[in-house]
Amino acid sequence: MNPTPPPDNDSAPATHAGPRSPAFALRRWLAWLLLPLLLGIVALALWNGEWLKAPRAMWELSRMPAPSSLPVPVEGVAARRIADTFGAPRGRDRTHAGVDIFARRGTPVRSVGPGVVVAVRDSGLGGRQVWVVGPARERYYYAHLDDWRDGLSEGEVVSEGTVLGYVGDSGNAAGTPPHLHWGIYGADGAYDPLPLLKAHRTTNGRALPR
């Protein structure tokens with residue numbers, strides 16, 4: 001007995017979809033229109049979210065020009081009181097890559113401008129130190145701190161006047177008069193920050209002494 005052969009699909013009547021209705025075409029057009037809009041809203045929400053605050057600030061800082069003047073980072077100190085010691089010999093194999101700003105121990109040290117804190121550490125010659133990336137991705141170095149501000153952490157977005165820490169003598173400054181070692185590092189390395197401080201016309205923090 002021969003098995004029953006399978007049906008011949010080629011001989012089955014073909015079925016064809018009818019013409020699309022105007023309502024279907026409209027729904028499809030709206031879907032293609034709304035999908036990019038929804039994706040854009042989601043991307044915007046993510047970009048403005050708190051967890052992307054630091055990357056967003058870094059992108060904005062990279063588009064800003066390097067400043068032509070900056071306030072003194074130590075509260076209450078006038079630029080005219082700061083000695084120009086950039087490039088002075090330090091030991092037998094290095095030079096001073098910044099300026100020393102002397103003040104009473106515990107005097108607040110403030111950010112000179114907008115930026116992102118990229119390092120908070122206690123190590124090396126600088127002792128307790130903070131590194132901040134600012135406009136044009138230049139790096140600001142705050143060293144020899146007595147302590148940091150409570151809650152300061154890497155990734156924090158700061159603005160001009162934000163307290164970073166307090167004047168001290170940590171690191172290789174131990175036993176010297178309390179001061180902040182402050183430096184700026186651009187694309188070509190450290191450069192003299194004092195002209196920027198002298199060019200600034202306002203204070204950073206409380207009023208300067210007369």
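Start at 1 with the first residue, then count along the sequence. Hydrogens, waters and symmetry mates are skipped; everything else that's a heavy atom, side chains included, is used.
Taking CG from L145 and CG from L152, the interatomic distance works out to 9.5 Å, rounded to the nearest 0.5 Å. Here D169 contributes atom CG and T176 contributes atom OG1; the two are 5.5 Å apart, rounded to the nearest 0.5 Å. Note that CG of D147 is 6.0 Å distant from CZ of R128, once rounded to the nearest 0.5 Å. Taken to the nearest 0.5 Å, the CH2 atom of W182 stands 9.0 Å off from the CG atom of L194. Interatomic distance, CG of N172 versus NE2 of H144, reported as 5.0 Å (0.5 Å rounding). The CG atom of D84 sits 6.0 Å away from the NZ atom of K198 when rounded to the nearest 0.5 Å.
In this structure, E160 and R110 have side chains that are not in contact, with every pair of non-hydrogen atoms separated by 4.5 Å or more. Side-chain contact between P67 and H200 is absent, with no heavy-atom pair separated by less than 4.5 Å. With a 4.5 Å cut-off on side-chain heavy atoms, H181 and Q129 do not count as touching. Within the 4.5 Å cutoff, side-chain heavy atoms of L70 are placed close to those of L197. W59 places none of its side-chain heavy atoms less than 4.5 Å from the side chain of L52. Within the 4.5 Å cutoff, side-chain heavy atoms of Y191 are placed close to those of L196. Within the 4.5 Å cutoff, no side-chain heavy atoms of L180 are placed close to those of V99. Contact annotation: the side chain of E60 never approaches that of P114 to less than 4.5 Å [non-hydrogen atoms, C-beta and beyond].
A54 approaches G155 most closely through the heavy-atom pair CB-O, 3.5 Å. Considering every non-hydrogen atom in both A136 and A66, the closest pair reads CB-N, 3.6 Å. G115 and L61 make their closest contact through CA-CD1, 3.7 Å (heavy atoms, listed as atom of the first residue, atom of the second, distance). The heavy-atom pair separating Y140 from P135 by the smallest distance is OH-CD, 4.0 Å. Between R121 and S123, the shortest heavy-atom distance links the atoms CD-OG, 3.7 Å. Y166 approaches G106 most closely through the heavy-atom pair CD2-O, 3.3 Å.
A side chain to side chain contact (heavy atoms under 4.5 Å, CB included) with S111 holds for exactly one of V130, V163, V158; it is V158. When T162, L164, V118 are each tested for a side chain to side chain contact (heavy atoms under 4.5 Å, CB included) with V132, only one passes: L164.
Following chains of ILVMFWY side-chain contacts shorter than 4.5 Å, one can reach V133 starting from V157, so the two form part of one hydrophobic cluster. Cluster annotation: V120 is connected to V109 through the hydrophobic network of ILVMFWY side chains, with a link wherever side-chain heavy atoms come within less than 4.5 Å. Neither Y141 nor V112 shares a network with the other; the hydrophobic side chains, linked directly or stepwise wherever heavy atoms of I, L, V, M, F, W or Y lie under 4.5 Å apart, form separate groups for each. I82 and Y142 fall within the same hydrophobic cluster, defined by Ile, Leu, Val, Met, Phe, Trp and Tyr side-chain heavy atoms under 4.5 Å apart, directly or through other members.
Surrounding CZ of R90 are more than 12 heavy atoms belonging to other residues, nucleotides or ligands, all under 6.0 Å away. Around CZ of R94, the count of heavy atoms belonging to other residues, nucleotides or ligands within 6.0 Å exceeds 12.
Between F102 and H179, the ring planes lie tilted relative to each other; the angle falls in the 30° to 60° range. Classification of the W131-Y185 ring pair by plane angle, with boundaries at 30° and 60°, yields tilted.
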- Query: Under the side-chain contact (heavy atoms from CB on, under 4.5 Å) criterion, do D122 and W148 qualify, and how do the steps go?
  - Reply: CA-CA 10 Å; D122 185 356; W148 305 277; 3.9 Å; yes
